[in-house]
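Reading through the structure tokens given below for one structure.
In what follows, chains carry the letters A, B, and so on, assigned in the order in which the sequence lines appear, proteins first and then strands, with residues in each chain numbered from 1.
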Number of protein chains: 2
Amino acid sequence: MQLDKLVHFHKTVGNHTRLRIIGLLKEGGALHGQAIAGKLGLTPPTISHHLTKLKEIDIVYQRRDKNTIYYALNERKLDLLAEAITRLGDDDMNEELQVTDEEKHKVLNNFIGTDGRIKSMPAQLKKRLIILEHIIKGLEAGKSYPEPKINEHIKQFHDDFATIRREFIMHQFMTRDKGYYELNPRELWLI
Amino acid sequence: MQLDKLVHFHKTVGNHTRLRIIGLLKEGGALHGQAIAGKLGLTPPTISHHLTKLKEIDIVYQRRDKNTIYYALNERKLDLLAEAITRLGDDDMNEELQVTDEEKHKVLNNFIGTDGRIKSMPAQLKKRLIILEHIIKGLEAGKSYPEPKINEHIKQFHDDFATIRREFIMHQFMTRDKGYYELNPRELWLI
DNA sequence: CCTATGATTAGATAATTATCTAATTAGATT
DNA sequence: AATCTAATTAGATAATTATCTAATCATAGG
């Protein structure tokens with residue numbers, strides 16, 4: 001991570017109100033704007049202002065339900081940035097996390113048969129993520145799926161839909177709410 | 001770590017010049033003021049200004065040799081603070097939002113008369129939440145109420161049922177769907 | 001199409017702050 | 001004591017920003 005980005009991150013987090021918002025989201029899960037405003041004793045425009053800043057550094061994301069937008073913490077991002085601090089002066093950061101298209105192709109060729117089904121799930125996280133990404137690409141962003149639909153979709157690739165479905169949640173590809181599943185924004189994906 | 005302290009830390013580190021100083025000290029070991037000023041193309045007073053801020057958060061310490069003061073990075077501190085980031089929002093950060101049972105009793109006694117009705121709605125959010133919680137406790141979880149039923153229930157406590165009903169939604173005590181109201185699970189309540 | 005609700009944008013204001021030059025302080029050396 | 005060197009403080013200025021009110025936008029539901 002380069003200097004400017006790190007500055008931007010700290011500048012954003014170095015504010016009383018914004019830290020309190022982060023705290024609220026951490027303890028309370030997703031909240032909508034007016035709830036945050038109420039709890040902090042500030043007006044909605046002010047909260048809006050802070051939320052856009054928090055979104056800029058990618059630490060909160062949003063989900064819309066009717067007229068209400070729920071904001072939630074991207075905790076993984078938090079961890080990554082914490083790590084970045086200790087490596088402040090170092091230059092060779094981040095590279096090891098990138099995956100090239102070529103690498104993806106190779107993994108897909110190795111683990112997916114000519115019939116399109118998964119021959120076996122790789123054990124290594126990096127490769128698993130590539131497979132998961134491949135599966136989830138068949139789903140539509142912004143659409144809400146009931147659990148059976150998800151199962152059905154996964155079964156096209158692999159019989160163990162329960163494990164894979166769980167990994168979708170675990171690795172932040174999707175969100176579950178009351179039995180309904182929805183893709184997370186791509187920036188949240190770990191790949 | 002306290003909220004204020006965390007804010008102070010991030011505010012301090014969230015500055016282009018100061019991060020560059022940290023970077024210099026990390027790669028170059030101890031440096032004296034004028035050397036830093038030279039490398040960054042700034043004047044000594046400016047560097048002095050930033051160094052006092054970095055000393056405030058205890059991330060830089062100094063050693064004097066004759067007239068020259070050498071500044072060095074406290075890397076252990078850096079690690080500690082990085083760790084604190086992942087705990088943003090944990091435990092004691094939100095202390096001021098916790099409410100004890102004793103506190104609740106006190107508020108209820110103050111705002112609710114012997115007839116069980118609300119004498120006046122407190123303005124302070126924390127107290128309002130206590131009153132709202134009290135009112136909503138008379139409703140049953142999992143049951144779906146039409147709007148008139150809700151109004152009726154609230155009117156036992158206060159005549160302004162519209163405002164209170166709206167606050168139930170706003171503060172996530174309940175959900176409305178097509179004119180029907182249902183309690184949210186308790187974990188969602190802000191109290 | 002109309003209305004209600006929640007979010008965002010625009011614009012204003014007051015507070016904070018990064019930076020400079022000029023002046024001052026603190027040690028060290030002669 | 002006089003002088004040199006490095007650091008700090010004072011004071012000024014320009015830029016940034018947290019917050020508010022008022023206005024606008026976007027979506028849902030009739």
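Between A/N67 atom CG and D/dT27 atom C1' the separation is 5 Å, expressed in whole Å. Atom NE2 in A/H32 sits roughly 11 Å away from atom C1' in C/dT5 (whole-Å rounding).
Residues meeting the side-chain hydrogen bond (donor to acceptor under 3.5 Å, both in side chains) test with A/N109, sequence neighbours left out: none. Under the rule for a ring-ring contact (aromatic ring centres under 6.0 Å, His included), the partners of B/H32 that lie at least two apart in sequence or sit in another chain are B/Y70. For B/H134, there are no side-chain hydrogen bond (donor to acceptor under 3.5 Å, both in side chains) partners at least two apart in sequence or on another chain. Applying the side-chain contact (heavy atoms from CB on, under 4.5 Å) rule to B/D160 yields the partners B/H158, B/A162, B/T163; only residues at least two apart in sequence or on another chain are considered.
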Where protein sits on nucleotides 8-19 of chain D, one letter per nucleotide: B base, S sugar-phosphate only, - none, heavy atoms under 4.0 Å: BB-------SSB
All N/O donor-acceptor pairs, side-chain side in residues 39-46 of chain B, below 3.5 Å, sequence neighbours left out:
residue : atom : partner : partner atom : Å
B/T43   : OG1  : B/T46   : OG1          : 3.1

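Regarding contacts with the backbone of C/dA7, a side-chain N or O of A/Q34 is found under 4.0 angstrom from either OP1 or OP2.
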